[in-house]
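What you are looking at is a predicted structure, and each value in this text was computed from that prediction instead of being measured.
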Amino acid sequence: MSLSRENFSRLADLWDRRGRETEKPHFGWLTTDLPAYSTTTLNLKTNVHIRPVGARPYVELEPADHPLAVEQRTGITMDRVQEIAADLFHPSRSEQP
C-alpha cells in the first residue's frame, strides 16, 4: 500500500489508540503486482480501513472491473488464493510442466 504522507502520519498516530476503528477509510494505491493476473495490479485504487488495535488494516479495492477487485467483491475460493500465493512467492513452481 502507498498512502499520502498525511494519511500515513494519521494512521501512525492512531496505531496504538483504542477506538481507532471509527476513523474513516484512507485512500491509497496498491503497490504489489500480482503475477496471477494478466493485467497489472499496480496502482489499483484502494481504501484502507483501520480496525481495532491488534488487527491489521483491511484493504478494500475500489469497485472496478479488474479481476482482483471482482474477486474481492464476489468471493474467492481457497484454491484460487493458493494459486495467487504460489505465483507470488514461488514463481518457478507455476512455470513447471
Side-chain angles (χ1 to χ4, degrees):
M1 288 299 318
S2 176
L3 297 169
S4 69
R5 184 179 306 250
E6 179 182 333
N7 284 344
F8 181 83
S9 293
R10 176 73 179 150
L11 296 182
D13 290 344
L14 294 172
W15 196 250
D16 293 321
R17 191 175 300 169
R18 292 194 184 279
R20 69 184 191 171
E21 64 274 12
T22 61
E23 183 81 1
K24 67 178 182 145
H26 294 271
F27 176 80
W29 300 96
L30 188 64
T31 56
T32 301
D33 192 20
L34 298 172
Y37 295 94
S38 59
T39 55
T40 187
T41 58
L42 285 175
N43 297 321
L44 290 176
K45 295 178 181 179
T46 66
N47 286 297
V48 180
H49 299 264
I50 302 306
R51 299 190 301 175
V53 172
R56 292 180 179 164
Y58 170 70
V59 177
E60 174 189 28
L61 293 170
E62 286 195 353
D65 291 334
H66 190 283
L68 177 59
V70 171
E71 287 178 331
Q72 187 182 48
R73 281 194 314 273
T74 63
I76 189 169
T77 66
M78 185 55 72
D79 287 341
R80 178 69 175 138
V81 171
Q82 290 172 338
E83 177 185 332
I84 293 167
D87 283 349
L88 183 61
F89 296 113
H90 306 288
S92 60
R93 287 184 188 174
S94 62
E95 295 170 6
Q96 294 177 358

Under the side-chain contact (heavy atoms from CB on, under 4.5 Å) test, residues paired with [X] that sit two or more places apart:
X   : value
P63 : R73
V53 : R20
T31 : S2

Taking every non-hydrogen atom, the tightest pair across [X] and [Y]:
X   : Y   : result
L61 : Q72 : N-OE1, 2.8 Å
T32 : T41 : O-OG1, 2.5 Å
A64 : A69 : O-CB, 3.8 Å

Please name all residues satisfying ring pair (Phe, Tyr, Trp, His ring centres under 6.0 Å) with F8, sequence neighbours left out, ordered by chain then number. none
Side chain proximity check, Y37 to I84, heavy atoms < 4.5 angstrom: yes
Sub-4.5 Å side-chain heavy-atom contact between N7 and V48: no
Which pairs with one or both residues in residues 9-19 pass side chain to side chain donor-acceptor pair (under 3.5 Å), sequence neighbours excluded? R10-E23
Restricting to pairs with a member in residues 75-84, which pass side chain to side chain donor-acceptor pair (under 3.5 Å), not counting sequence neighbours? E71-R80, R80-E83
[X] [atom1] to [Y] [atom2] distance, which is reported to the nearest 0.5 Å:
X   : Y   : atom1 : atom2 : answer
T46 : F27 : OG1   : CZ    : 6.5 Å
H26 : H49 : NE2   : NE2   : 10.5 Å
L44 : E62 : CG    : CD    : 10.0 Å

Should [X] and [Y] be regarded as members of a common hydrophobic cluster, given that ILVMFWY residues are connected when their side-chain heavy atoms come within less than 4.5 Å of each other, either directly or indirectly?
X   : Y   : answer
L88 : L30 : yes
V81 : L68 : yes
V70 : L42 : no

Name all residues meeting the side chain to side chain donor-acceptor pair (under 3.5 Å) criterion together with T39; count only those two or more places apart in sequence or in a different chain, and write none if there are none. H66
I'd like to check the side chain to side chain donor-acceptor pair (under 3.5 Å) partners of D33; sequence neighbours left out, ordered by chain and number. T40
Could you give all pairs that pass the salt bridge (charged side-chain N to carboxylate O under 4.0 Å, His left out) test and reach residues 36-61, with sequence neighbours left out? none
Residues joined to L14 in its hydrophobic cluster, side chain to side chain under 4.5 Å directly or through other members, sorted by chain and number, are none
